[in-house]
Chemist: 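Please see the structure below; I have some questions.
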Amino acid sequence: MPSSCVRVLSLIPPMTQLNTPYPSTAYLTGFLRSRGVQAVQEDLALALALRLLSADGLAAVHARLAALPAAAWTPALAAFAGQYPRYAGTIGPTIAFLQGRDATLAHRISGRGFLPEGPRFASLDVYEDADGGDPMAWAFGALGVQDRARHVATLYLNDLADVVRDAADARFEFVRYAESLAQSQPTFEPLAAALAAPPTLVDDLLRELTLAALARHRPTLVLLSVPFPGAMYAALRIAQTLKAHDPAIVIALGGGYVNTELRELTEPRLFDYFDFVTLDAGERPLLALLEHLEGRRAKSRLVRTYVREAGAVRYIHWAEPDVPFADVGTPTWDGLPLQDYLSLLDLLNPMHRLWSDGRWNKLTVAHGCYWKKCSFCDVSLDYISRYDAATAETLVDRIEAIVRETGQTGFHFVDEAAPPKSLKALAAELQRRQLAISWWGNIRFEKSFTPELAQQLADSGCIALSGGLEVASDRLLALMKKGVSVDQVARVTRGFADAGILVHAYLMYGFPTQTVQDTVDALEYVRQLFAAGCIQSGFFHRFACTVHSPVGRDPAAYGVTLQPLPPVSFAKNDVGFTDPTGTDHDALGAGLKKAVYNYMHGLGLDTDVRRWFDFSVPKPRVARQRIQQALVHQPGTTAAATKSRGF
C-alpha cells in the first residue's frame with residue numbers, strides 16, 4: 001500500500017470526559033500530520049453520550065422500561081417513568097445550555113422548577129441551611145445563576161446515566177463504563193462473554209456511530225486509544241463492528257490501559273478484533289507500523305508491538321530510539337466538535353470543578369517524571385521512567401498554535417509531575433511574549449516552589465495546581481520516597497494560595513504499615529491544611545499495589561507480602577497484599593471521604609476529626625496548631641513577612 005493511500009482514523013472510545021477530548025488522538029493526529037500522513041480523529045465517547053442524552057435516545061431508553069418487571073424498577077427508573085414527558089421536553093435545551101449555546105436558560109434551570117428531579121438531587125440536602133432557606137445560596141450567592149444552573153443540570157444528567165444503566169445496559173457509566181470487565185482481569189473470558197452476548201441499546205448506538213465515522217473517513221488504518229479500563233469494552237465493540245463491516249481495515253490498539261495492564265499479553269482471542277497492539281509512547285511504534293503496511297519494513301522490525309502468528313501471540317521489538325519529545329509535533333483538535341462538549345459542575349468546590357467544567361486544551365510539559373522515585377507509582381514503565389523535556393520556546397510555540405486553531409486559551413498540563421525548572425522557564429516565556437492564557441497542572445510539592453516562583457506562575461496564567469500529599473505522615477512519606485514532608489507541603493501550598501492559585505491535594509490511605517492512628521493523624525493534618533487556607537480541594541484514594549511499582553516489585557522492603565496471582569494471559573496490574581498491621585482500611589475510607597467532602601465545602605473545619613467515623617478511633621496525636629506553627633516558622637521567613645501574610 002503506497003504511502004499516499006494510508007488514511008489513519010484515530011478514535012476515542014467510550015467513556016471518557018464529557019467536557020473536553022481525551023488528548024491521545026490529538027497528540028497522534030498532530031504527530032502523523034507533521035510526518036505527512038493523512039490523519040483524522042473522532043470522539044465516539046462524546047458522540048455516544050450525546051446520542052443517549054437526546055429526545056430520541058431517552059425515548060429508546062423509555063421503551064425498554066416496558067420489558068422490565070415492576071420489581072426491577074429502581075428509584076431512578078421510577079422517577080424517570082413518572083416524569084418522562086418532562087425529561088423528553090427538557091433534554092435538548094439542557095444539553096444546549098451545557099454546551100454554552102443558550103446561556104439564558106440558566107435562570108429557569110437554577111430556579112429548580114424547570115428540570116425534573118430524581119434521586120441524585122438528594123445530594124443537595126447536605127447544603128440545607130439552618131433556617132430552611134435555599135440549600136445552594138451559601139455556595140453561589142445571589143449572582144451565581146450560571147453555576148447554580150450547571151450544577152442542577154449535572155445532577156439531572158447523573159440521574160439519566162443511572163436510568164440508562166438500570167434500563168438499558170447494566171455496565172453503563174459516564175466514565176467507568178464496563179470497567180470491571182477489563183481492570184486487572186487475568187483472562188479475556190469476562191470480555192469475551194460480554195462481546196458474545198446480545199447487544200444492548202448502548203452497543204447498538206455505538207455500532208451506528210462507528211459505521212457513520214467509517215463512511216465519513218474511509219480509513220485504511222484505525223487507531224483505538226484506550227486510556228482506562230472503562231474504555232476497553234467499547235473499544236472492542238468498535239473493533240467488532242469494523243471487522244464485520246470491512247475486514248481489510250487494519251486496526252491497532254494502544255493507550256494507557258494497554259501500556260499498563262497488557263504487558264504480559266498471551267491471549268490470542270484479542271487479535272480477533274485487533275491486528276496490532278502497541279506499548280508505551282505511540283510515535284515510534286506507529287511509524288514502524290506505517291512503514292510495514294506500506295511494504296517498506298518487515299514485520300520482524302516492528303517496535304513494541306504484539307501480533308498473532310500461527311494462533312499464538314508474539315511480541316516484536318526492534319530496538320529504535322523513541323521520537324524526542326521536542327519532535328513529536330503540536331497536538332491538533334481539528335475534526336473534534338469542540339463546540340459540543342459539556343461544561344459540567346459535579347462539585348461546588350472551585351478547584352475540584354476544573355476536572356469537569358470547561359473545555360481545556362490538554363498539553364504535556366515533558367514526557368515522563370523527573371522524580372520517578374515514589375514507591376506507589378509505576379516508575380518502571382515508560383510513561384514515568386523516560387523523562388524527556390522540550391524547551392520553553394517549543395512549548396509556547398505549541399501553545400500559540402493551539403490557541404490559533406481552537407480559539408480557546410485554557411490549558412491543562414497533564415504531566416505526572418511538571419518540573420519546577422520547566423514551569424519557571426515556561427512562565428517566563430509566556431510573559432516575554434505577553435501571551436494571555438489560563439493554565440493548571442500537576443506538580444510535586446517540593447521546596448523549589450518558593451513564594452516568588454508561585455507568584456511568577458500566577459502572573460503567567462496559572463490558576464490551580466494539584467499534587468500528592470498522599471498519606472500526610474512524615475514516616476510514611478519517607479517510606480514512599482515522596483521526597484517531601486508535611487511541613488514542606490504546608491509551606492509550598494500556602495505560597496500558592498497566597499499567589500491566588502487554587503490547590504488540590506491527592507491523598508491516600510491503606511499504604512503498607514499504615515495504622516489506624518496514622519490515618520487519624522493524617523486526617524488531622526488535612527483538616528488543618530484546609531483550615532489554614534493551604535489547600536482548597538482534595539480526594540482520598542485507596543492505595544492499590546501494582547506489579548510495576550516498587551512496592552509490587554520488592555514488597556519485603558515495605559513490610560508486606562504479595563498475594564499470589566492466578567495465571568495471567570490478559571491484564572495484569574493490581575495485586576493484593578497482606579499487611580501485618582491488619583488495619584481495616586475499608587472501614588476508614590468512608591469517614592475520610594466524608595470529611596474531605598465537607599472540608600471542600602467549608603464545613604466542619606473546627607470539628608474533632610473523630611466525628612467523621614462511625615466507630616471509635618484514637619485521638620489524633622498531632623497538635624491542633626501544628627500546621628500554623630510550620631507556616632510561622634518557615635525557613636528564611638521573617639516575623640514581619642509572616643505577619644503580613646496574615647498568619
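All values derive from a computational prediction rather than experimental measurement.
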Chemist: Check step by step if side-chain contact (heavy atoms from CB on, under 4.5 Å) holds for Q408 and W360.
Modeler: CA-CA 8 Å; Q408 295 171 318; W360 301 94; over 6 Å; no
Chemist: Distance from L286 atom CG to L221 atom CG, nearest 0.5 Å?
Modeler: 6.5 Å
Chemist: Distance-only, no hydrogens or angles: does the E261 side chain make a donor-acceptor pair with backbone N or O of S184 under 3.5 Å?
Modeler: yes
Chemist: Does a sphere of radius 6.0 Å around CZ in R171 hold more than 12 heavy atoms from other residues, nucleotides or ligands, not counting ones at 6.0 Å or beyond?
Modeler: yes
Chemist: Can you name the nearest heavy-atom pair linking V379 to S385, along with the distance?
Modeler: O-CB, 3.2 Å
Chemist: Would you call D169-R64 a salt bridge at under 4.0 Å N-O?
Modeler: no
Chemist: Is a side-chain donor or acceptor of N259 paired with a backbone partner of G255 at a separation under 3.5 angstrom?
Modeler: yes
Chemist: Do the non-hydrogen side-chain atoms of D388 and P324 ever get within less than 4.5 Å of each other?
Modeler: yes
Chemist: Quick one: closest heavy-atom pair of S24 and S225, and the distance?
Modeler: OG-OG, 2.8 Å
Chemist: Which heavy atom of A182 sits nearest a heavy atom of A571, and at what distance?
Modeler: O-CB, 3.7 Å
Chemist: So W439 and F413, would you call those rings parallel, tilted or perpendicular, with 30° and 60° as cut-offs?
Modeler: tilted
Chemist: Angle between ring planes, H352 versus F539, binned at 30° and 60°: parallel, tilted or perpendicular?
Modeler: tilted
Chemist: Taking 4.0 angstrom as the limit, do K243 and D275 come out as a salt bridge?
Modeler: yes
Chemist: Decide side-chain contact (heavy atoms from CB on, under 4.5 Å) for E429 and I399; before the verdict, give the C-alpha distance in whole Å, the side-chain angles of both, and the deciding distance to 0.1 Å.
Modeler: CA-CA 11 Å; E429 185 65 14; I399 288 171; over 6 Å; no
Chemist: Which atom pair, heavy atoms only, marks the closest approach of P321 to R284?
Modeler: O-NE, 2.8 Å
Chemist: How far does OG of S356 sit from CG of L18, to the nearest 0.5 angstrom?
Modeler: 9.5 Å
Chemist: May I ask you to decide whether R301 forms a salt bridge with E291, counting only side-chain N to carboxylate O separations under 4.0 Å?
Modeler: no
Chemist: Taking all heavy atoms of E173 and all of Y177, pick out the closest pair and write down the distance.
Modeler: O-CB, 3.7 Å
Chemist: With side-chain contact (heavy atoms from CB on, under 4.5 Å) as the criterion, how do L191 and Q185 come out once you've worked through the C-alpha distance, each side chain's angles and the decisive distance to 0.1 Å?
Modeler: CA-CA 9 Å; L191 281 166; Q185 282 286 356; over 6 Å; no
Chemist: Measuring only between side-chain heavy atoms, which start at C-beta, is P21 closer than 4.5 Å to Y341?
Modeler: yes
Chemist: Look up atom CG in L98 and atom OG1 in T94, then write down how far apart they are to the nearest 0.5 Å.
Modeler: 7.0 Å
Chemist: Calculate, to the nearest 0.5 Å, the distance between atoms OG1 and CZ belonging to T187 and R269 respectively.
Modeler: 7.0 Å
Chemist: Quick check: do L253 and F276 have side-chain heavy atoms less than 4.5 Å from each other?
Modeler: no
Chemist: Taking H367's backbone N and O only, do any of them form a donor-acceptor pair with T364's side chain (distance below 3.5 Å, no angle check)?
Modeler: no
Chemist: Run the side-chain contact (heavy atoms from CB on, under 4.5 Å) check on L211 and R207 step by step: do they pass?
Modeler: CA-CA 6 Å; L211 292 175; R207 179 179 179 276; 3.6 Å; yes
Chemist: Please check if the side chain of Q41 supplies one atom and the backbone of A26 the other of a donor-acceptor pair under 3.5 Å.
Modeler: yes
Chemist: Do N158 and D346 come close enough that some side-chain heavy atom pair is under 4.5 Å?
Modeler: yes
Chemist: Salt bridge check: are R263 and D280 linked by an N-O gap of less than 4.0 Å?
Modeler: yes
Chemist: Could you please spell out the steps behind the salt bridge (Lys or Arg N to Asp or Glu O under 4.0 Å) verdict for R304 and D382?
Modeler: CA-CA 12 Å; R304 295 195 300 270; D382 175 78; 5.5 Å; no
Chemist: When you measure from the side chain of N19 to the backbone N and O of S343, does any donor-acceptor pair fall under 3.5 Å?
Modeler: no
Chemist: Looking at T29, is its backbone amide N or carbonyl O close enough to the side chain of S10 to form a donor-acceptor pair, meaning the two atoms are under 3.5 Å apart?
Modeler: no
Chemist: Taking the side chain as every heavy atom from C-beta outward, state whether L214 and P219 have any atom pair closer than 4.5 Å.
Modeler: yes
Chemist: Is a side-chain N or O of Q99 found less than 3.5 angstrom from the main chain of Q339, in a donor-acceptor match?
Modeler: no
Chemist: Can you tell me if CZ on R101 sees more than 12 non-hydrogen neighbours from other groups inside 6.0 Å?
Modeler: yes
Chemist: Does the ring center of F543 lie less than 6.0 Å from the ring center of F376?
Modeler: no
Chemist: Does any pair with a residue in residues 212-234 pass salt bridge (charged side-chain N to carboxylate O under 4.0 Å, His left out), and if so which ones, sequence neighbours excluded?
Modeler: E42-R216
Chemist: Quick test of your reading: applying salt bridge (charged side-chain N to carboxylate O under 4.0 Å, His left out), list the pairs with at least one residue in residues 196-205, sequence neighbours left out, ordered by first then second residue.
Modeler: D203-R237
Chemist: Judged by atom type as modelled, is there a donor-acceptor pair below 3.5 Å linking the side chain of T210 to the main-chain atoms of T241?
Modeler: no
Chemist: Can you sort out the partners of K421 under side-chain contact (heavy atoms from CB on, under 4.5 Å), two or more places apart, ordered by chain and number?
Modeler: none
Chemist: I want to check something: taking the side chain as every heavy atom from C-beta on, are I91 and L160 in contact at a cut-off of under 4.5 Å?
Modeler: yes
Chemist: Within the 4.5 Å heavy-atom criterion, are Y257 and Q183 side-chain neighbours or not?
Modeler: no
Chemist: Return the CG to CD1 distance between L242 and I251, rounded to the nearest 0.5 Å.
Modeler: 4.5 Å
Chemist: Are side-chain heavy atoms of V8 and L290 found at a separation under 4.5 Å?
Modeler: yes
Chemist: Which residue pairs pass the ring pair (Phe, Tyr, Trp, His ring centres under 6.0 Å) test with at least one member in residues 315-337, sequence neighbours excluded?
Modeler: Y306-Y315
Chemist: List the atom of T409, the atom of I437, and the distance in Å for their closest heavy-atom pair.
Modeler: O-CB, 3.3 Å
Chemist: Show every salt bridge (charged side-chain N to carboxylate O under 4.0 Å, His left out) that has at least one partner inside residues 394-413, sequence neighbours left out.
Modeler: D397-R433, E400-R433
Chemist: Between H412 and K362, is there a donor-acceptor pair closer than 3.5 Å when you use the side chain of the first and the backbone of the second?
Modeler: no
Chemist: Inspect the contact between D272 and R308 and indicate whether a charged nitrogen and a carboxylate oxygen are less than 4.0 angstrom apart.
Modeler: yes
Chemist: With under 30° as parallel and over 60° as perpendicular, where do the rings of F174 and F172 fit, or are they tilted in between?
Modeler: perpendicular
Chemist: Is D415 reaching over with its side chain to a backbone N or O of V365, donor-acceptor style, under 3.5 angstrom?
Modeler: yes
Chemist: Excluding sequence neighbours, so at least two apart, what forms ring-ring contact (aromatic ring centres under 6.0 Å, His included) with F228?
Modeler: Y22
Chemist: Working to the nearest 0.5 Å, report the span between OG of S438 and CG of N361.
Modeler: 11.0 Å
